[in-house]
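Side chains are part of it too, since the values below use all heavy atoms of this structure and drop only hydrogens, waters and symmetry mates. Each chain gets a letter, A, B and so on, in the order its sequence line appears, and its residues count up from 1. The shown structure was predicted, so the numbers you read here are calculated from the model rather than taken from an experiment.
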There are 2 protein chains.
Amino acid sequence: MPEADPTPLSDHVAFLLGQLGFHTAYRFSDGLAPLGIGPRHFGTLRVLREHDGQSQQQLCETLGIHRNVMVGLVDELEKRGLVERRKHPADRRAHAVYLLPAAHDLLARAQRVVDGLESDLLREFDAADRATLLQLLQRLAATNGLEPGIHPGLSR
Amino acid sequence: MPEADPTPLSDHVAFLLGQLGFHTAYRFSDGLAPLGIGPRHFGTLRVLREHDGQSQQQLCETLGIHRNVMVGLVDELEKRGLVERRKHPADRRAHAVYLLPAAHDLLARAQRVVDGLESDLLREFDAADRATLLQLLQRLAATNGLEPGIHPGLSR
DNA sequence: TATTGTTATACTCTATAACTATA
DNA sequence: TATAGTTATAGAGTATAACAATA
């Protein structure tokens, strides 16, 4: 005789967040794949759009990615013609990373992936439920020390 | 001049789910570490508690884990004295995997990790908000084809 | 011929340390 | 002495294929 389940995992917010979080992360990654980039490239480009010409070290601190990994990311972005390493005006050890025009086109396409995922995910929800859910999740993120816009999955 | 951000990532349910999902998954994994097991061991033990004596193949199908990986998981669980491989009554190719008494103790301890994580995560939320959030997330999981209790992160 | 469990192999990722050139 | 970027190396993890025993 099987033991009675004390409380199903799907009655836990923590479990549902993990389940939905990995599901959406995989879908986002799959949606980005045709664009030839991964979530970390997207994150890096996005941070550069906020403030162009940052050093690799600054990007690392913002995104929580190790500097050794950032070398490869910028290599790949440079190879794809999306960013350019230039001389840093203030520190000759550092590289200043700048977005190239192609990056803006790509970011626009990535934005459509984000929007498509969002609307498909919430397709069964009306406006009121969407607003309630968004607000609760924002509060939950804030009360658990999560930085807005910074995805913990990028660092591991 | 930096471009205006079209819509912050943290205004997307999809992003918040990813952020919160990875955050809680890492916290859960860390909470389980002192018990000497990982999330996949936990999932396997949990499925066995529902129905003891399953074959490895059945466990794989339920959890979405490849059978090559399951070999190692059951090896580790057996080494830790948590499960036992016995002869399968109906199929001489298969092993029937059974929980040992130590597994029930460990599952009880793991349950405390789950409960502790849940209450800490929601510490700033009152009962009404918790209920609302739980219900919305359950609906979201259901409308997006997620099986109750099955974590997509276990398979990758 | 297909399936269960297992093993071997190669491939990808990650973590650590070390190196260089600057500060 | 410390920091930015880079490189090398080893370890973990993953995916693929192949194998023996059995269906």
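The footprint of chain A on DNA chain C, defined by a heavy-atom cutoff below 4.0 Å, extends from dT14(C) to dA23(C).
Side-chain contact check for L133(A) versus L16(B): every heavy-atom pair is 4.5 Å or farther apart. In this structure, the side chains of R67(A) and Q57(A) come closer than 4.5 Å at one or more pairs of heavy atoms. Considering only heavy atoms from C-beta on, T44(B) comes within 4.5 Å of M70(B) through its side chain.
The side-chain hydrogen bond (donor to acceptor under 3.5 Å, both in side chains) search around E78(A) returns R85(A), not counting sequence neighbours. With sequence neighbours excluded, no residue forms a side-chain hydrogen bond (donor to acceptor under 3.5 Å, both in side chains) with D105(A). Remark: R40(A) engages no residue in a side-chain hydrogen bond (donor to acceptor under 3.5 Å, both in side chains) (not counting sequence neighbours).
Rounded to an integer number of Å, the gap from CZ of R67(B) to P of dA18(D) is 13 Å. We find that NE2 of H66(A) is positioned 12 Å from C1' of dG5(D), with the value rounded to whole Å. The distance from atom CD of Q56(A) to atom P of dT3(D) is 17 Å, rounded to the nearest whole Å.
Contact check of residues 80-98 of chain A against DNA chain D (heavy atom, cut-off under 4.0 Å) returns R85(A), R93(A), A94(A), H95(A). For DNA chain D, none of the residues of residues 19-33 of chain A falls under the heavy-atom distance limit of 4.0 Å. Residues from residues 69-78 of chain A placing a heavy atom under 4.0 Å of any atom in DNA chain D, listed by number, are V71(A).
For the pair D129(A) (side chain) and F125(A) (backbone), a donor-acceptor distance under 3.5 Å is absent. With hydrogens and angles disregarded, no donor-acceptor distance shorter than 3.5 Å links the side chain of H51(A) to the backbone of V47(A).
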Please tabulate, for side-chain N and O atoms in residues 28-38 of chain A, each donor-acceptor pair with protein atoms closer than 3.5 Å (sequence neighbours left out).
none

Side-chain donor-acceptor pairs under 3.5 Å in residues 114-122 of chain B, sequence neighbours left out?
{"unit_1": "D115(B)", "atom_1": "OD1", "unit_2": "Q111(B)", "atom_2": "NE2", "d": "3.2"}
{"unit_1": "E118(B)", "atom_1": "OE1", "unit_2": "V13(A)", "atom_2": "N", "d": "3.2"}
{"unit_1": "E118(B)", "atom_1": "OE1", "unit_2": "A14(A)", "atom_2": "N", "d": "2.9"}
{"unit_1": "E118(B)", "atom_1": "OE2", "unit_2": "V13(A)", "atom_2": "N", "d": "2.8"}
{"unit_1": "S119(B)", "atom_1": "OG", "unit_2": "D115(B)", "atom_2": "O", "d": "3.3"}
{"unit_1": "S119(B)", "atom_1": "OG", "unit_2": "G116(B)", "atom_2": "O", "d": "3.3"}
{"unit_1": "D120(B)", "atom_1": "OD1", "unit_2": "R123(B)", "atom_2": "NE", "d": "3.2"}
{"unit_1": "D120(B)", "atom_1": "OD2", "unit_2": "R27(B)", "atom_2": "NH1", "d": "3.2"}
{"unit_1": "D120(B)", "atom_1": "OD2", "unit_2": "R27(B)", "atom_2": "NH2", "d": "2.6"}

Contacts under 3.5 angstrom, residues 149-156 of chain B side chains, donor-acceptor by atom type, not counting sequence neighbours:
{"unit_1": "H151(B)", "atom_1": "ND1", "unit_2": "G153(B)", "atom_2": "N", "d": "2.9"}
{"unit_1": "H151(B)", "atom_1": "NE2", "unit_2": "G18(A)", "atom_2": "O", "d": "3.4"}
{"unit_1": "S155(B)", "atom_1": "OG", "unit_2": "P152(B)", "atom_2": "O", "d": "2.8"}

Show every donor-acceptor pair shorter than 3.5 Å between a side-chain atom in residues 90-99 of chain A and any protein atom, with sequence neighbours excluded, or say none if there are none.
{"unit_1": "D91(A)", "atom_1": "OD1", "unit_2": "R93(A)", "atom_2": "N", "d": "2.9"}
{"unit_1": "D91(A)", "atom_1": "OD1", "unit_2": "R93(A)", "atom_2": "NE", "d": "3.2"}
{"unit_1": "D91(A)", "atom_1": "OD2", "unit_2": "R93(A)", "atom_2": "NH2", "d": "3.0"}

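The base of dT14(D) has none of its N or O atoms less than 3.5 Å from a complementary donor or acceptor on the side chain of N68(B).
One finds no side-chain N or O of Q58(A) lying less than 4.0 angstrom from the OP1 or OP2 phosphate oxygen of dA4(D).
Members clustered with F22(A): Y26(A), F22(B), Y26(B), by chain and number, using a 4.5 Å side-chain heavy-atom cutoff among hydrophobic residues.
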